[in-house]
Amino acid sequence: MFSMSSSPNRRPSISEMAAARAPVPDTNANYLDGLNPEQRDAVETTEGPLLVLAGAGTGKTRVLTTRLAHIIASKLAWPSQTLTVTFTNKAAREMRERALKLIGDAGEGLRWLGTFHSISAQILRRHAELAGLKSSFTILDTDDVIRLCKQVIEAENIDTKRWTPRHLSSLIDGWKNRALTPAKVPKDEAWQFADGKAIQLYETYQNRLKVLNACDFGDLLIHNITIFQKNPDLLADYHQRFKYILVDEYQDTNVAQYLWLRLLARGSNNICCVGDDDQSIYGWRGAEVDNILRFEKDFPGAKVIRLERNYRSTKHILAAASSVIDFNKGRLGKTLYVGDGEQGNPDAEKVQVRGLWDGEAEARLICDDIESYINKGGQYEDCAILVRASWQMRLFEERLIMLGIPYRVIGGPRFFERAEIRDALAYLRLVRSPDDDLAFERVVNQPKRGVGATTIQKLQTFARADGRSLFTLVPMVLQTDEVKGPAKRGLTTFIDQINLWRDRLNNGMPHHELAQVILDESGYTDMLQKDRSPQSQTRLDNLKELIHALGQFDSLAGFLEHVELVMDVGGQSSGNEVQILTLHAAKGLEWPMVFLPGWEEEVFPSRRSLDESGMKGLEEERRLAYVGITRAREKCAISFVANRMIFGRWQSVLPSRFVDELPHDNVEASSETGYSTMPGADQGFQGTIEDLGERSNYTSPGWRRLKENAGKGSKTGPVIDGKAELIATSSGKSGFKIGQRVHHEKFGYGQVLAADGTKLQVNFKNVGLKKVISTFVTGV
DNA sequence: GATTTAGATATTTTT
DNA sequence: TATCTAAATC
C-alpha cells in the first residue's frame, strides 16, 4: 500500500533525494489511525530534537515504530538513512517487524536499526584500522574479559584474592560507560584498586586487547567516539547518511552512548528519544538518568511530548504505581491515567498487600492464587511472579513443582554463556583465527589432554617474550625439550587436530558439520557422556542446539559475529506457563496478573543498593517498584513476610518502606503474621547421634562438621566458639528450619545449624561438651 | 597433572 | 545454603 516506485535497496538518485527532502504528506496514511493526539504529535513532529516521555503502558513502542514508518512512507528519508537504536536485540527485532508490518516492503533496507553495540560494531568494522585494530577483531564477552583481567593483574604480581579480576573488570567497565580512556580517568580514581595501580592496569589491559585484536563491549562505543572525534570528514559522512535518529529507552543510556548520539545527531539535528525517567533501573550498569533529565539543555530547541494515557492497567494499579513513584525527587513528572474513558473498569480489583509468616507461606499463597485462577478458566501464561533477586525464585519453583503447575524461569544463565557452549565456540574461534589466545587457553585442556597450568604458564611467558600468539608458538616449542611427557603429547595432538579441522573448513566442509566433528574428535562429547552428573545430558542437548543454530548461518564468520553480539538466541518459545522473573527482566512486559513478593526492607529495597548508592540507590529501587506494579493489567498482589532465610540463615525482616507508600484507597491489606511460635513448634525431636550416611552435598561448613563427627562414636559434636554442637535425629516429621531457635529441657536454648528433613544439628548456647540427647527438642 | 578438600562469599545483568 | 576458587593431597 505504501510501496515505492523503485526498490528501496537501490541507492536513491539525486532527484529522488531532492524529492525526498520535501515532505509529501500521505493522505492515506492509515498507519496513523487509532493514535491519540499526543501519540500522533510524537509521530508527526519530524523536525528538530524531540523527547517523548512515555509512561508505562502508554504505547511507546507503537509511537516509535509508527514514527519510523511515517518517516519512510512520507519519503522524508530512505530506510538506509534512518538510524534506530535500541538496547536489546529483542527490542530491535520487534521494532523491525512492526515497522515492516506498517509499511511493507518500503521498510526493507533498515540497515541501521539495531542495538548500540551492533551498530557501533558495524561502524567499527569499517574503520577498524583507525582504532589500531584489524577489521576481523573479536568481541570479547564478560567471561573472556575477566580472564584477561586476571592475567593483567597476575602480570603485576598483585594478589588476585585481595584484588579480584571481577572487581577490576567492573572498574574498567565503569570507566568505559563514562567514556573515559586510561588517559582521561581522574588520577585519584587509581586508588580504587591495588593501592593506586588501577589506571596503570587499565592501560595494560587496553594494550593486551590491541595485541589480541579484540574489543570488549565498552570499546565498541569508545572506539567509535574517538574515531569520530579524530576524523571530522568521516563523521561528516555519517552526518550525510543519517537524516533521522531514533532512540529507544533513552533513560538507560550511559555517558558513552550519549556522546555517541550527540556526535551523530550534530548532522541533521533530527533526533527523537523515547524514554521514561521513572523506569531507569540500570544505574548500576552505568545508565545516567541525568541524560534524559538534561535533554532540553543538551538539544536546544527540543520539543517534549508527554504520553500519559495508559492503556494497560486498572485505575487502582496506576494509582498504586503513581503513589510510590511520587516519593522520588527530581523527576520530569508525569501522571498516568486510564486511557479509555474517565474511570476505567468500575469493578476493578484493588491492589492486594499481604503479610505472611515466611517465604514458604508466601509461595503457598501465591501459588494457590494461581491455581484458583486456573480453575476459574484462566491461563498460566497470564500470571507472572516478579522478584527482586534470583535467589527468591527457588521457593516458588519448589511450590509450583509440588502443585504440578507449569512454569518458566525467564533470564538466568543464557544459552551462549553456558560453559559447554563457550567451549565449543572457543574451538571454532581457534579454527578460524589461530591468534585467539583466549580461545586457545580455554580449550587446550578441555577435555583433559595433560596440559596443565604449569605448561600454559610456560607457553605464555614465551609468547609474551616473542610477541607471538600461543597457537603459532607451540609448534616451535615442541621442537625443543621445554615441554615433555603427557603435556608434549597433548599439545601435539591438539595442534594437529586444529590444523586438520581448519583444512576441512577450507576444503568446504559445512561449518555445522565441522562443529560436530570437532566435538567428537576432540573427545568433548565423550567427556560429557562419561560424566554422570545430572547436568551432563542438558549439556549434550545444548550442544545439539548449538549445531542446529550453526546450520542456520551461511558462514562461520557470520555466525560468530552474531553470537558475539546477539546472545539471546536460546529456545524462546514460551508455552502456557507461569513466568518467574526478576523485576529487571520484566521491564517492557505485561501480564493480567502480577505477583510481587518479597517487599521487605533489606531485600527490596535491597540493602546493598542503599549501602552503595544511598539516596540515589533508594530512588532506583523505587523505580523498580514502579516498573513492577505497572506490569500488571488487572490484578497486582504485593506481599511481604516476617521471617526469611537469607544465605542459609533465618532473619526476621520488616515490611518494605514501599508498602507504606501505597495509597490506602486503592489497596486491600491483610496480614497473617500473628504467630507467636515458628511452625513446627509443637513437634518433638528425639536426639541421638548417628552416622549420617551419604548425602549429595556435604560441602557447607555446617554439614562438614556434622559429617566429621558422625560415626566416630562421639556423642557430641566439637566445641566451637565455646558452644557444643549436638546432632539430633528427628523422631517424626521435620518442621524445623535452619537458624530456627529450639529448646531442649536439659541444654536450654539453641539454634538449628543444619537439617535435611530427618536430622538436625543444633548449636546450644549454654552447653559445654555434653552427652546423648535423649529428650525432645522443641521449637520456640 | 589430577583429584579432593577447605574456605570465602553472596543483587539486579540489555551487549 | 550453594557456588566458586585455591591449597593440599594423591
Side-chain angles (χ1 to χ4, degrees), chain A residues 85-92 114-121 139-142 145 150 159-162 164-166 170 173 176-177 215-221 248-249 252-254 256-257 281-287 386-392 394 411-414 416-417 445 448-456 485-487 490 563-568 581-588 598 602-613 617 620-621 623-624 627 645-650 696-705 707-708 737-739 753-756:
Chain A
V85 247
T86 64
F87 277 86
T88 65
N89 292 297
K90 196 175 148 212
T115 62
F116 277 100
H117 291 89
S118 70
I119 289 173
S120 50
I139 302 166
L140 304 184
D141 68 10
T142 329
V145 166
K150 192 171 177 201
D159 179 16
T160 49
K161 222 167 168 183
R162 169 102 175 72
T164 64
R166 188 177 292 275
S170 83
D173 193 51
K176 288 187 176 174
N177 285 335
C215 259
D216 60 22
F217 286 128
D219 276 346
L220 296 172
L221 279 153
D248 191 17
E249 307 276 22
D252 287 335
T253 49
N254 60 33
Q257 287 155 342
I281 55 174
Y282 284 102
W284 49 274
R285 259 189 143 274
L386 313 185
V387 296
R388 174 66 243 267
S390 39
W391 57 262
Q392 296 171 270
R394 211 195 63 211
R414 286 204 302 279
F416 284 109
E417 282 164 9
N445 203 29
K448 301 268 187 289
R449 291 191 183 84
V451 186
T454 329
T455 312
I456 292 174
V563 161
E564 282 158 354
L565 288 167
V566 186
M567 301 292 265
D568 66 344
L581 56 166
T582 62
L583 286 162
H584 283 91
K587 195 167 80 160
E602 317 262 291
V603 175
F604 184 47
S606 108
R607 203 184 93 133
R608 194 132 151 208
S609 216
L610 267 53
D611 284 354
E612 277 171 14
S613 323
E620 183 155 312
E621 295 286 303
R623 292 193 288 267
L624 214 39
V627 168
M645 185 154 68
I646 299 169
F647 297 138
R649 295 272 154 216
W650 280 92
S696 63
N697 183 5
Y698 276 118
T699 54
S700 66
W703 278 112
R704 211 178 289 151
R705 284 195 297 273
K707 189 193 179 189
E708 274 165 11
K737 295 167 184 175
I738 308 298
L753 285 181
D756 73 348

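Between the side chain of E621(A) and the backbone N or O of F604(A), no donor-acceptor pair lies under 3.5 Å.
Between the side chain of R388(A) and the base of dT11(B), no donor-acceptor pair under 3.5 Å is found.
In this structure, the side-chain contact (heavy atoms from CB on, under 4.5 Å) partners of T164(A), at least two apart in sequence or on a different chain, are R166(A), H167(A). Here S118(A) pairs with T115(A), L565(A) under the side-chain contact (heavy atoms from CB on, under 4.5 Å) rule; sequence neighbours left out. With sequence neighbours left out, the ring-ring contact (aromatic ring centres under 6.0 Å, His included) criterion links W284(A) to Y282(A), H584(A). Under the rule for a side-chain contact (heavy atoms from CB on, under 4.5 Å), the partners of D159(A) that lie at least two apart in sequence or sit in another chain are K161(A), R162(A). Residues satisfying the side-chain contact (heavy atoms from CB on, under 4.5 Å) criterion with N445(A), sequence neighbours excluded, are K448(A), R449(A), V451(A).
One atom, CD of E612(A), and another, P of dT11(B), lie 11 Å apart when rounded to the nearest Å. Rounded to an integer number of Å, the gap from L624(A) CG to dT13(B) P is 10 Å. Taking atom CG on D248(A) and atom P on dT15(B), their separation rounds to 13 Å, with Å as the unit. If you measure from atom CG of N89(A) to atom P of dT13(B), you get 17 Å, rounded to the nearest angstrom. One atom, CZ of F217(A), and another, P of dT15(B), lie 8 Å apart when rounded to the nearest Å. For L386(A) and dT11(B), the CG to P distance is 20 Å, given to the nearest whole Å. As a whole-Å value, the separation of I646(A) CD1 from dA2(C) C1' is 15 Å. Atom-to-atom, CZ of R449(A) to C1' of dA2(B) comes out at 16 Å; the value is rounded to the nearest Å.
The residue F116(A) sits apart from the nucleic acid: no heavy atom pair falls under 4.0 Å. At the heavy-atom level, E620(A) lies nowhere under 4.0 Å from the strands shown.
Here the side chain of K448(A) is nearest to one of dA2(B), dT12(B), dT1(C), namely dA2(B). Comparing dT15(B), dT1(C), dT13(B) by their closest approach to the side chain of R394(A) singles out dT1(C). Relative to the side chain of T88(A), the nucleotides dT15(B), dG1(B), dT11(B) differ in distance, and dT15(B) lies closest. When the nucleotides dT15(B), dT13(B), dT11(B) are ranked by their closest atom to the side chain of A585(A), dT13(B) comes out on top. In this structure, the nucleotide among dT15(B), dT13(B), dA6(C) sitting nearest to the side chain of K150(A) is dA6(C).
When all heavy atoms of G617(A) and L610(A) are compared, the pair lying nearest together is C-CD1, 4.5 Å.
If V451(A) and S609(A) are placed on DNA chain B by their nearest nucleotide, the residue sitting closer to the 5' end is V451(A). Each of A487(A) and S606(A) lies near DNA chain B, and the nucleotide nearest A487(A) is the one positioned closer to the 5' end.
Stacking is found between W284(A) and the pyrimidine-like six-membered ring of the dT12(B) base under the 5.5 Å centre-distance and 30° plane-angle cut-offs.
Taking 4.5 Å as the limit, some side-chain heavy atom of I646(A) sits within range of a side-chain heavy atom of W391(A).
Checking the phosphate oxygens (OP1, OP2) of dA2(B), a side-chain nitrogen or oxygen of N445(A) falls inside 4.0 Å. Contact between the side-chain N/O atoms of S390(A) and the OP1/OP2 oxygens of dT12(B) is found at a separation under 4.0 Å. The side chain of T455(A) places an N or O atom within less than 4.0 Å of a non-bridging phosphate oxygen (OP1 or OP2) of dG1(B). Proximity of T142(A) to the phosphate of dT13(B): no side-chain N or O atom is located under 4.0 Å from OP1 or OP2.
Helical stems of DNA chain B (runs of at least 3 Watson-Crick or G-U pairs, donor-acceptor distances under 3.5 Å) are listed by first residue: B:1-10 with C:1-10.
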